[in-house]
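Notes to accompany the following structure.
Whatever order the structure lists ligands and atoms in, that order sets their numbers, starting from 1.
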Amino acid sequence: MTYLAKPRLRHPTLPLNKLGYTRRDYEGKVSTLCAGCGHDSISAALIQAFWELDVQPHRVAKLSGIGCSSKTPDYFLGNSHGFNTVHGRMPSALTGANLANRDLLYLGVSGDGDSASIGLGQFAHVMRRGVNMTYILENNGVYGLTKGQFSATADQGSKSKRGVINRDSPVDTVSLALLLGATFVARSFSGDKAQLVPLIKAAIAHEGAAFIDVISPCVAFNNHAGSTKSYDYVREHNDAVNRLDFWPSRDAIAVDYKDGEVISVPQHDGSVLRLRKTHPEYDPTSRVTAMNYIASHQAKGELVTGLLYVDPEPEDLHAHLNTVDIPFNKLSEKDLCPGAAVLEEINAALR
Ligand SMILES: Cc1ncc(C[n+]2csc(CCOP(=O)(O)OP(=O)(O)O)c2C)c(N)n1
Ligand code: SF4
Ligand SMILES: [Mg+2]
């Protein structure tokens with residue numbers, strides 16, 4: 001038996017969301033990851049976010065590559081669509097699915113090996129094309145599934161479990177996503193659910209390429225002294241530039257903040273992001289400021305977390321391609337093949 005199904009029994013007093021579902025309805029199979037793996041905490045945050053947003057599970061498509069991180073979609077949203085692709089190829093499969101049916105919510109789950117090594121090219125193009133998705137990178141600095149080799153996100157000078165020092169420069173996926181045009185870029189920590197859940201909710205509501213890099217310690221191979229992706233190191237160096245509150249469009253904003261401490265960023269779908277600034281000088285609506293800030297703090301060994309950049313007016317791949325609103329998979333043969341007369345008209349217009 002390669003997986004364990006969860007028993008369907010539940011306590012009758014579990015809270016329900018607006019659809020009448022409990023959090024259990026957003027769970028998947030029993031996780032087979034190591035006890036204490038950061039990836040399991042990210043799965044719990046995803047379950048919480050989708051449950052709180054009252055998302056119909058059948059409206060979600062979760063796609064992943066290969067790795068411990070990419071196995072996790074089996075452990076949440078068991079009633080959603082799922083596709084486990086080849087190593088590093090999740091972005092192209094997700095792009096194709098999104099083009100075929102724009103009506104679903106797309107969730108890409110990947111690892112640092114999956115996205116920053118073999119899948120780096122795919123990562124680049126899915127960001128620059130603005131595919132409407134939530135892309136979660138579960139970043140532990142190692143190839144967990146193949147027993148802990150350094151990945152491309154391991155920091156220069158960090159030490160492996162066997163004492164080897166990494167000499168290569170790291171790929172910073174957040175800076176890369178900013179450079180490539182992602183319209184929502186965040187970094188978080190698997191051990192900070194209070195920060196991560198609202199970030200995931202805001203990313204789901206964002207109608208463009210939303211990227212969240214989540215530092216997610218690998219307890220088996222990268223949680224020792226000398227690692228920069230261990231629980232202890234991240235807790236000591238985590239510098240949150242803001243704290244996010246997310247209001248879906250249908251809810252009134254109930255909390256009042258003093259001016260100067262908070263900025264509101266309305267999203268296309270009517271939802272509102274409210275950012276309580278912990279660093280008053282940080283402006284999350286400027287791509288250039290974000291890039292400079294992250295680079296200068298990285299040089300000091302600080303890990304900047306929070307919502308790092310958001311474009312309140314994002315454009316997605318469908319806007320770039322000027323596609324019809326109706327999902328392609330719902331178009332009839334008549335729509336797709338309107339006949340010789342229409343073709344002749346199009347040809348004439350091009351002469
Ligand atoms: C084409 C191909 N090359 C190599 C592998 C071996 N492999 C499996 S998982 C993995 C790395 C996974 O690392 P990461 O994406 O960081 O996930 P983690 O296990 O750390 O969560 C590699 C190299 C593979 N499965 N397929
Ligand atoms: S090997 Fe590392 S990444 Fe994989 S399940 Fe264990 S702790 Fe998590
Ligand atoms: Mg990894």
Side-chain angles (χ1 to χ4, degrees), residues 2-4 28-46 62-76 82-94 107-124 126-127 135-156 158-162 164 166 168 170-174 176-177 187-191 193 196 211-235 303:
T2 54
Y3 70 87
L4 295 170
K29 292 167 191 152
V30 174
S31 170
T32 57
L33 302 188
C34 307
C37 176
H39 300 349
D40 277 335
S41 308
I42 302 172
S43 298
L46 283 161
K62 38 179 191 154
L63 293 96
S64 61
I66 300 289
C68 298
S69 34
S70 293
K71 280 169 71 177
T72 62
D74 221 18
Y75 313 139
F76 59 81
F83 190 57
N84 196 203
T85 72
V86 181
H87 198 18
R89 269 58 169 191
M90 174 273 281
S92 51
L94 190 151
L107 176 67
V109 177
S110 183
D112 39 321
D114 198 62
S115 284
S117 290
I118 194 167
L120 189 60
Q122 297 243 337
F123 175 82
V126 82
M127 294 301 160
Y135 192 124
I136 308 274
L137 196 158
E138 307 192 348
N139 188 352
N140 53 18
V142 287
Y143 299 167
L145 191 69
T146 54
K147 306 242 176 288
Q149 302 87 348
F150 280 129
S151 78
T153 67
D155 288 311
Q156 205 165 34
S158 66
K159 201 193 269 184
S160 77
K161 196 175 173 183
R162 303 175 79 187
V164 178
N166 178 41
D168 300 339
V171 170
D172 180 40
T173 52
V174 153
L176 208 52
R187 173 164 275 149
S188 191
F189 171 41
S190 62
K193 203 172 171 192
L196 183 55
F211 175 63
I212 312 179
D213 178 288
V214 189
I215 308 296
S216 175
C218 167
V219 290
F221 300 109
N222 206 12
N223 196 33
H224 47 270
S227 158
T228 57
K229 303 274 192 290
S230 66
Y231 280 107
D232 285 348
Y233 184 92
V234 179
R235 281 196 188 108
L303 191 73

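Atom numbering of ligand 2 starts at 1 in the shown order; those under 4.0 Å from a heavy atom of V219 are 7 (S). Against a heavy-atom cut-off of under 4.0 Å, G144 is close to the following atoms of ligand 1: 18 (P), 19 (O), 20 (O). Atoms of ligand 2 lying under 4.0 Å from at least one heavy atom of L33, given by number and element, are 5 (S). Each of the atoms 13 (O), 14 (P), 15 (O), 16 (O) of ligand 1 lies under 4.0 Å from some heavy atom of G113. For ligand 1 and I118, the ligand atoms under 4.0 Å from any heavy atom of the residue are 1 (C). Shown in contact with A220 at under 4.0 Å from a heavy atom are these atoms of ligand 2, numbered in order with element: 1 (S), 7 (S). Residue-ligand proximity, G144 to ligand 2, at heavy-atom distances under 4.0 Å covers atoms 1 (S). Numbered from 1 in the order shown, with element, the atoms of ligand 1 that lie under 4.0 Å from a heavy atom of H39 read 21 (O). Those atoms of ligand 2 that come under 4.0 Å of a heavy atom in F221, given as number and element, are 1 (S).
Counting backbone and side-chain atoms alike, D112 contributes an N/O/S atom closer than 2.8 Å to the Mg ion (ligand 3). Among the atoms of G113, no N, O or S atom is found under 2.8 Å from the Mg ion (ligand 3). Not a single N/O/S atom of S216, whether from backbone or side chain, sits less than 2.8 Å from the Mg ion (ligand 3). Put simply, C68 gets within reach of atom 4 (Fe) of ligand 2, with an N, O or S atom under 2.8 Å from it.
Not a single heavy atom of Q149 lies less than 4.0 angstrom from ligand 1.
A donor-acceptor distance shorter than 3.5 angstrom exists from the side chain of H224 to the backbone of K159, with no hydrogens or angles considered. The backbone N or O of D114 lies less than 3.5 Å from no partner atom in the side chain of S110, so there is not a single donor-acceptor pair.
Annotation for G38 and S216: closest pair C-OG, 3.0 Å, computed over non-hydrogen atoms.
Comparing heavy-atom distances from atom 3 (S) of ligand 2 across T72, N140, T146 singles out N140 as nearest.
In terms of protein heavy-atom proximity, atom 2 (Fe) of ligand 2 is nearest to C218 SG, 2.3 Å. Protein heavy atom closest to atom 5 (S) of ligand 2, with residue, atom name and distance, is C34 N, 3.4 Å. In this structure, the protein non-hydrogen atom closest to atom 8 (Fe) of ligand 2 is C37 SG, 2.4 Å.
Annotation: side chain of P73 is not in contact with side chain of F83 (no heavy-atom distance under 4.5 Å).
The structure places OG of S115 at 10.0 Å from CD of E138, a figure rounded to the nearest 0.5 Å.
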